[in-house]
2 protein chains.
Amino acid sequence: MVTLNRTREVNETLVKEKEAAFAEFIQRKGLKTTRQRNTIISTFFRLRGHISVEELLNEVKKVNPRIGYATVYRTLHLLVESGLVEERRFGDGLARYEGHSDVEHHDHMICLECGEISEFYNPRLEALQEKLAEENNFEIFRHRLELYGACKDKTACQARKGKKAAKSQGA
Amino acid sequence: MVTLNRTREVNETLVKEKEAAFAEFIQRKGLKTTRQRNTIISTFFRLRGHISVEELLNEVKKVNPRIGYATVYRTLHLLVESGLVEERRFGDGLARYEGHSDVEHHDHMICLECGEISEFYNPRLEALQEKLAEENNFEIFRHRLELYGACKDKTACQARKGKKAAKSQGA
DNA sequence: TGGAATACGAAAACTGTTTTCAATATCGAA
DNA sequence: TTCGATATTGAAAACAGTTTTCGTATTCCA
Ligand SMILES: [Mn+2]
Ligand SMILES: [Mn+2]
Ligand SMILES: [Zn+2]
Ligand SMILES: [Zn+2]
């Protein structure tokens with residue numbers, strides 16, 4: 001099995017664990033616990049997918065409308081530094097963030113028609129990269145692999161596209 | 001053989017071919033041939049590596065100091081549109097451009113110590129990606145694979161780093 | 001060669017992100 | 001508890017890379 005199924009439901013226990021881990025990180029660094037940061041991270045961990053700053057801020061504002069961009073940016077940096085979150089860039093000029101899913105590392109397929117981003121992990125692919133690096137006398141710290149293309153199931157794809165359009169009209 | 005050796009010398013015949021191809025593209029699109037565009041593309045094609053806009057402008061200004069950013073940006077867009085050049089982003093916030101090397105497609109290894117960017121191509125890797133896409137009912141239009149890490153040959157790496165530092169001090 | 005179409009360059013605008021700064025909140029020590 | 005050093009916040013300004021605007025200049029074909 002190669003495709004990772006990001007669960008539709010948020011695992012509340014997992015979220016609590018992440019919140020605790022972040023709290024620990026904050027303390028370890030001698031930083032302070034704040035209402036805003038708590039709101040931001042608990043909102044973030046309850047969202048699924050690859051979240052842009054604007055998307056996150058919009059959600060956060062539903063809880064506390066006074067929170068601004070700066071705090072969201074700053075908190076996301078802390079989340080990344082804590083290792084709980086990764087930054088992604090899929091070429092649309094926006095940074096996107098995702099909490100680690102079940103598998104530590106994964107790569108992405110991005111449909112240019114409907115915007116769907118699916119995740120996959122393949123050990124052979126990973127191993128092959130290691131082998132190539134080795135041959136090149138190179139040590140890999142991290143990598144990124146993105147496949148850009150289109151869903152072959154045009155029906156589902158176009159449906160998603162319609163939904164996405166409707167949603168963005170609403171926003 | 002997996003590593004692509006980007007030749008140190010510029011192949012003058014190849015450059016002429018590319019210049020001709022661009023001229024043809026310009027005509028086909030009903031655009032005009034200009035002194036500035038000629039300067040920019042002939043400068044670009046004679047540079048090796050992954051060139052940023054600023055780097056290119058600096059070189060271009062040696063030939064014609066009156067050429068500005070806007071024209072360089074515009075010409076690079078045309079070069080990309082013509083298919084003669086590809087845009088790359090290696091995560092430092094700058095767009096970089098490269099003329100196609102001998103092989104149509106290649107991927108990159110980026111040393112985070114010395115900045116060296118090396119290129120490679122591996123058919124098995126490409127095939128494996130296709131297979132994974134297939135399994136996922138996905139059609140790949142293009143992909144990007146970047147390995148970030150460090151040269152294992154620390155001597156050469158550090159030497160390059162020193163040289164690079166010296167160079168950027170000079171600039 | 002005239003002139004419509006295109007391109008140029010400087011500067012302004014734009015976009016996503018970071019920084020500044022004055023006001024506010026946190027939290028350990030007293 | 002209260003104090004006060006230290007960290008945090010939010011609005012706005014600054015930033016960096018890129019794109020657009022706009023008045024002037026150039027191209028190129030009828
Ligand atoms: Mn992901
Ligand atoms: Mn390359
Ligand atoms: Zn799709
Ligand atoms: Zn190196």
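Every chain is numbered from 1, with letters handed out A, B, ... down the list of sequences.
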request  = Scan nucleotides 16-29 of chain C nucleotide by nucleotide, 5' to 3', and note B when protein non-hydrogen atoms come under 4.0 Å of the base, S if they reach only the sugar-phosphate, - if neither.
outcome  = SBBBB-----BS--
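Axis angle between the ends of the helix from C:dT1-D:dA30 to C:dA30-D:dT1, five pairs each and rounded to 10 degrees, works out to 10°.
As rounded to whole Å, 12 Å separates atom P of C:dA7 from atom CD1 of B:I40.
Residue-environment remark: CD (B:E113) exceeds the threshold of 12 foreign heavy atoms within 6.0 Å.
Ionic pairing of B:R89 and B:E87 is present here: one or more N-O contacts between side-chain nitrogen and carboxylate oxygen are shorter than 4.0 angstrom. Salt bridge B:E98/B:R96: absent, no basic N to carboxylate O contact under 4.0 Å. A salt bridge does not link B:K61 to B:E59: none of the charged nitrogens lies less than 4.0 Å from a carboxylate oxygen.
Between A:V53 and A:L76 the shortest side-chain heavy-atom distance falls below 4.5 Å.
Every side chain to side chain contact (heavy atoms under 4.5 Å, CB included) that B:R46 has, sequence neighbours left out, goes to B:V10, B:E12, B:V15, B:E19, B:S42. Considering only residues two or more places apart in sequence or on other chains, B:Y97 meets the ring-ring contact (aromatic ring centres under 6.0 Å, His included) condition with none of them.
Note that the first and last nucleotides of DNA chain D, 5' to 3', having any atom under 4.0 angstrom from a heavy atom of chain A are D:dT6 to D:dA11.
A:Y73 is connected to A:I51 through a chain of hydrophobic side-chain contacts under 4.5 Å among Ile, Leu, Val, Met, Phe, Trp and Tyr, so both are in one cluster.
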Identify every side-chain donor-acceptor pair in residues 22-29 of chain B under 3.5 Å, counting partners at least two apart or on other chains, and give the distances.
residue, atom, partner, partner atom, Å
B:E24, OE2, B:R28, NE, 3.4
B:K29, NZ, B:E81, OE2, 2.7

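Comparing A:G30 and A:N64 against DNA chain D, the residue whose closest nucleotide sits nearer the 5' end is A:G30.
Of the possible polar contacts, none joining the B:T71 side chain to the B:I67 backbone as a donor-acceptor pair under 3.5 Å is found.
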